[in-house]
Amino acid sequence: MDVPELHPDLEPIAFLVGRWEGAGVGGYPTIESFNFGQEIVFGHNGKPFLSYTSRTWLLDEAGAKVRPLGTETGFWRQLPNRQLEVCLSHPTGIVEIYVGEVVFNKIELHTDVVARTATAKEYTAGHRLYGLVNGNLMWAYDMAAMGQPIQSHISAELKKVGDFVPDEV
Ligand code: HEM
């Protein structure tokens, strides 16, 4: 299938489209800190949203993959006035709706709604910052979970390693 034209409304977040790979660090007061690898794919099908999937792996000290960690998938909906709505779901029984905005190469999102299944861990709010720095995608994630006030859980830096492939939408 040919790559469709990017919907013009997506211009503020067009820089996200493609396949990204990199690594980051994670931690929280209730857990051991860890290093992880991450792959993010942003795709589109000509409509005014991006598809989004992130996969992560625990890394050992040599940087080798040990086992899968979290994955999340959803849609980034670009609105007029550089506003964004983002719907994400997690295999841990959590779904999140973020709202936020794009300011040049920076995207800031905070949760508007969080829902959890009966067996999900306690999680009440998230805040995400994404930025394009020297062509790399940096992102940082703060969360309120397990009775703790909102604070850092994840930060990572990814490089663009490929273009968008339509079959992934
Ligand atoms: C790159 C993304 C992420 C990675 C690599 C990651 C990794 C981890 C790891 C390794 C742990 C500790 C072991 C475990 O419970 O599995 C953990 C705990 C946790 N994470 Fe994440 N996480 C990510 C994103 C998220 C997101 C988006 C949420 C919320 C929607 C979240 C919520 C939690 C919670 C609630 C815990 C439990 C803490 C505890 O048991 O005390 N994480 N995460």
Side-chain angles (χ1 to χ4, degrees), residues 13 15-43 49-78 83-102 105-162 164 168:
I13 54 170
F15 68 88
L16 294 173
V17 173
R19 177 182 295 271
W20 301 84
E21 282 178 15
V25 294
Y28 207 63
T30 55
I31 59 173
E32 294 280 312
S33 54
F34 55 91
N35 294 316
F36 69 95
Q38 182 172 32
E39 177 197 74
I40 292 179
V41 179
F42 282 98
F49 64 86
L50 297 181
S51 60
Y52 163 87
T53 300
S54 159
R55 298 189 296 153
T56 61
W57 297 266
L58 183 65
L59 297 183
D60 66 18
E61 277 159 23
K65 288 179 183 174
V66 179
R67 62 180 168 84
L69 292 177
T71 180
E72 58 186 22
T73 189
F75 301 97
W76 291 49
R77 296 157 46 79
Q78 181 69 61
Q83 304 297 300
L84 269 176
E85 295 175 348
V86 177
C87 307
L88 296 182
S89 70
H90 305 264
T92 49
I94 296 170
V95 295
E96 310 178 90
I97 292 174
Y98 285 87
V99 293
E101 62 178 352
V102 191
N105 287 336
K106 189 185 84 173
I107 297 167
E108 194 160 5
L109 302 171
H110 63 268
T111 43
D112 184 31
V113 176
V114 170
R116 290 180 275 134
T117 64
T119 58
K121 288 198 172 173
E122 196 238 351
Y123 168 72
T124 53
H127 176 269
R128 294 175 184 233
L129 202 55
Y130 292 82
L132 194 66
V133 182
N134 296 327
N136 289 349
L137 183 63
M138 323 270 285
W139 78 280
Y141 170 60
D142 294 350
M143 71 173 180
M146 313 304 285
Q148 304 292 315
I150 192 158
Q151 63 196 281
S152 178
H153 182 35
I154 295 294
S155 62
E157 179 171 1
L158 301 104
K159 287 187 189 312
K160 188 164 277 184
V161 295
F164 155 63
E168 287 168 345

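In listed order, ligands and their atoms are each counted from 1. Nothing fancy with the numbering, it's 1 onward along the sequence. What you see is a predicted model, and the numbers here were worked out from it, not measured in a lab.
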- Query: Any idea which atoms of ligand 1 are less than 4.0 Å away from a heavy-atom of Glu72?
  - Reply: 27 (C)
- Less than 3.5 Å between some nitrogen or oxygen of Glu96 and one of ligand 1, yes or no? no
- Query: Is any side-chain heavy atom of Leu129 closer than 4.5 Å to a side-chain heavy atom of Lys106?
  - Reply: yes
- May I ask whether atom 16 (O) of ligand 1 is less than 4.0 Å from at least one protein heavy atom? no
- Please report which non-hydrogen protein atom sits nearest to atom 4 (C) of ligand 1, along with the residue it belongs to and the distance in Å to one decimal place. Ile154 CD1, 3.5 Å
- Message: With a 4.5 Å cut-off on side-chain heavy atoms, are Leu109 and Leu84 touching?
- Response: yes
- Query: To the nearest 0.1 Å, how far is atom 13 (C) of ligand 1 from its closest protein heavy atom, and which atom is that?
  - Reply: Ile31 CG2, 4.8 Å
- Task: Out of Ala120, Ala156, Ala145, indicate the one that has the non-hydrogen atom closest to atom 35 (C) of ligand 1.
- Result: Ala145
- Is there a donor in the side chain of Tyr52 and an acceptor in the side chain of Glu72, or the other way round, less than 3.5 Å apart? yes
- Taking the side chain as every heavy atom from C-beta outward, state whether Tyr123 and Arg116 have any pair of such atoms under 4.5 Å apart. yes
- Side-chain heavy-atom pair Gln38, Trp139 within 4.5 angstrom cut-off: yes
- Query: Parallel, tilted or perpendicular: which fits the ring planes of Phe42 and Trp76, with parallel below 30° and perpendicular above 60°?
  - Reply: perpendicular
- Query: Got the closest protein heavy atom to atom 29 (C) of ligand 1, with its distance?
  - Reply: Tyr141 OH, 3.1 Å
- Task: Flag Trp139 as yes when one of its N or O atoms lies below 3.5 Å from any N or O atom of ligand 1, and as no otherwise.
- Result: no
- Identity and distance of the protein heavy atom lying nearest atom 19 (C) of ligand 1: His153 NE2, 3.8 Å
- Query: What do you reckon, is CD of Glu122 surrounded by more than 12 foreign heavy atoms closer than 6.0 Å?
  - Reply: yes
- Item | Protein heavy-atom partner closest to atom 7 (C) of ligand 1 - residue, atom, separation in Å | Phe34 CZ, 3.2 Å
- Judged by modelled atom types alone, do Glu157 and Trp20 share a side-chain donor-acceptor pair under 3.5 Å? no
- Is it the side chain (CB and beyond), the backbone, both or neither of Tyr28 that lies under 4.0 Å from ligand 1, heavy atoms counted? neither
- Query: Non-hydrogen atoms of Arg128 versus ligand 1: any pair closer than 4.0 Å?
  - Reply: yes
- Without swapping roles, check the side chain of His110 against the backbone of His127 for a donor-acceptor pair under 3.5 Å. no
- Item | Residue Met143 vicinity, atoms of ligand 1 by number, heavy atom under 4.0 Å | 20 (N), 31 (C), 32 (C), 33 (C), 34 (C)
- Item | Nearest protein heavy atom with distance in Å, relative to atom 14 (C) of ligand 1 | Lys121 NZ, 4.9 Å
- Message: Do Arg128 and Leu88 have side chains that approach each other closer than 4.5 Å (heavy atoms only, starting at C-beta)?
- Response: yes
- Protein contact to atom 41 (O) of ligand 1 [nearest heavy atom, distance to 0.1 Å]: Thr30 OG1, 2.5 Å
- Message: Side chain or backbone, does Thr56 bring an N or O within less than 3.5 Å of an N or O on ligand 1?
- Response: no
